[in-house]
Amino acid sequence: AVEEAVNKQHFLPEDIRCSDDTGCYHPWLKLPFANGCTTIECNDTSGFEDAISATKGVDAIIAVLGLDQKEESEGHDRSVVELPGNQAKLVSALKQAHPNTTLIVVLIHGGALALGSVAQDA
């Protein structure tokens, strides 16, 4: 189940290893990995528990958020500048679950983004 979700992501290196028991990780980086959101739209929160579980006991959490070409491209203007879907809620859930862990947010976007609670949680 975990491997199937990860294989749908086009930006992951081919050598990411996944199992239902250990989650996903890169063998030489030794970084746990979980998709808190399975799409940029992040319309549901079903992956939040996997992300919270994968980040238990780590020194720092890196959350990669933002937009893709479906959300933002030349000639495709957005009507809102907030992060799509539940991306901000994912950051809040991670911060709430791990309040003493450093939370780093990497934003991928080309235009303006209103961060709201994300700026406070990271």
Side-chain angles (χ1 to χ4, degrees):
V2 173
E3 186 173 358
E4 182 180 326
V6 170
N7 286 336
K8 292 179 183 177
Q9 301 298 320
H10 300 288
F11 56 84
L12 294 175
E14 291 179 4
D15 52 355
I16 293 284
R17 307 284 190 256
C18 297
S19 78
D20 286 334
D21 295 329
T22 62
C24 297
Y25 63 94
H26 191 286
W28 56 270
L29 288 175
K30 305 294 187 209
L31 296 173
F33 173 86
N35 276 330
C37 296
T38 57
T39 65
I40 293 294
E41 293 83 10
C42 194
N43 290 324
D44 66 69
T45 60
S46 62
F48 285 22
E49 285 303 317
D50 287 343
I52 289 168
S53 176
T55 53
K56 184 177 181 182
V58 300
D59 295 327
I61 299 168
I62 301 172
V64 180
L65 311 172
L67 308 170
D68 66 5
Q69 294 295 313
K70 292 183 292 185
E71 298 287 328
E72 175 180 71
S73 62
E74 193 68 36
H76 181 187
D77 294 332
R78 295 178 286 135
S79 59
V80 296
V81 294
E82 288 80 19
L83 285 164
N86 292 305
Q87 290 186 37
K89 288 181 183 177
L90 172 61
V91 172
S92 294
L94 289 167
K95 189 63 173 183
Q96 184 176 7
H98 308 296
N100 298 318
T101 302
T102 300
L103 179 56
I104 301 163
V105 174
V106 177
L107 297 170
I108 299 173
H109 61 98
L113 277 176
L115 299 179
S117 64
V118 171
Q120 296 164 354
D121 289 334

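Side chains are part of it too, since the values below use all heavy atoms of this structure and drop only hydrogens, waters and symmetry mates. The shown structure was predicted, so the numbers you read here are calculated from the model rather than taken from an experiment.
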Legend entry - Shortest non-hydrogen contact from His98 toward Lys56: CE1-CA, 3.6 Å
Legend entry - Shortest non-hydrogen contact from Leu90 toward Cys37: CD2-SG, 4.0 Å
Let me confirm one number: the [atom1]-[atom2] distance from [X] to [Y], rounded to the nearest 0.5 Å.
{"X": "Lys89", "Y": "Thr45", "atom1": "NZ", "atom2": "OG1", "value": "8.0 Å"}
{"X": "Glu82", "Y": "Leu115", "atom1": "CD", "atom2": "CG", "value": "10.0 Å"}
{"X": "Gln87", "Y": "Asn43", "atom1": "CD", "atom2": "CG", "value": "10.0 Å"}
{"X": "Phe33", "Y": "Asp50", "atom1": "CZ", "atom2": "CG", "value": "10.5 Å"}
{"X": "Thr55", "Y": "Leu103", "atom1": "OG1", "atom2": "CG", "value": "9.0 Å"}

Quick one: does [X]'s side chain get under 4.5 Å of [Y]'s, heavy atoms only?
{"X": "Asp121", "Y": "Val105", "value": "no"}
{"X": "Leu67", "Y": "Pro84", "value": "yes"}
{"X": "Ile52", "Y": "Leu94", "value": "yes"}
{"X": "Leu65", "Y": "Val91", "value": "yes"}

Inset, instruction - Evaluate the side-chain contact (heavy atoms from CB on, under 4.5 Å) criterion for residues Thr102 and Asp59: first the C-alpha distance (whole Å), next the side-chain angles of each, then the deciding distance (0.1 Å), finally the verdict. - result: CA-CA 7 Å; Thr102 300; Asp59 295 327; over 6 Å; no
Inset, instruction - Would you please test Val118 and Leu83 for side-chain contact (heavy atoms from CB on, under 4.5 Å) and show each step? - result: CA-CA 9 Å; Val118 171; Leu83 285 164; 3.8 Å; yes
Inset, instruction - Establish whether Val58 and Phe48 are linked, either directly or via other cluster members, by ILVMFWY side-chain heavy-atom contacts under 4.5 Å. - result: yes
Inset, instruction - Examine Ile108 and Ile104 and state if one hydrophobic cluster contains both, with Ile, Leu, Val, Met, Phe, Trp and Tyr joined whenever side-chain heavy atoms are less than 4.5 Å apart. - result: yes
Inset, instruction - Decide side-chain contact (heavy atoms from CB on, under 4.5 Å) for Arg78 and Leu113; before the verdict, give the C-alpha distance in whole Å, the side-chain angles of both, and the deciding distance to 0.1 Å. - result: CA-CA 10 Å; Arg78 295 178 286 135; Leu113 277 176; 3.8 Å; yes
Inset, instruction - May I ask you to decide if Glu49's main-chain N or O and Ser53's side chain share a donor-acceptor pair within less than 3.5 Å? - result: no
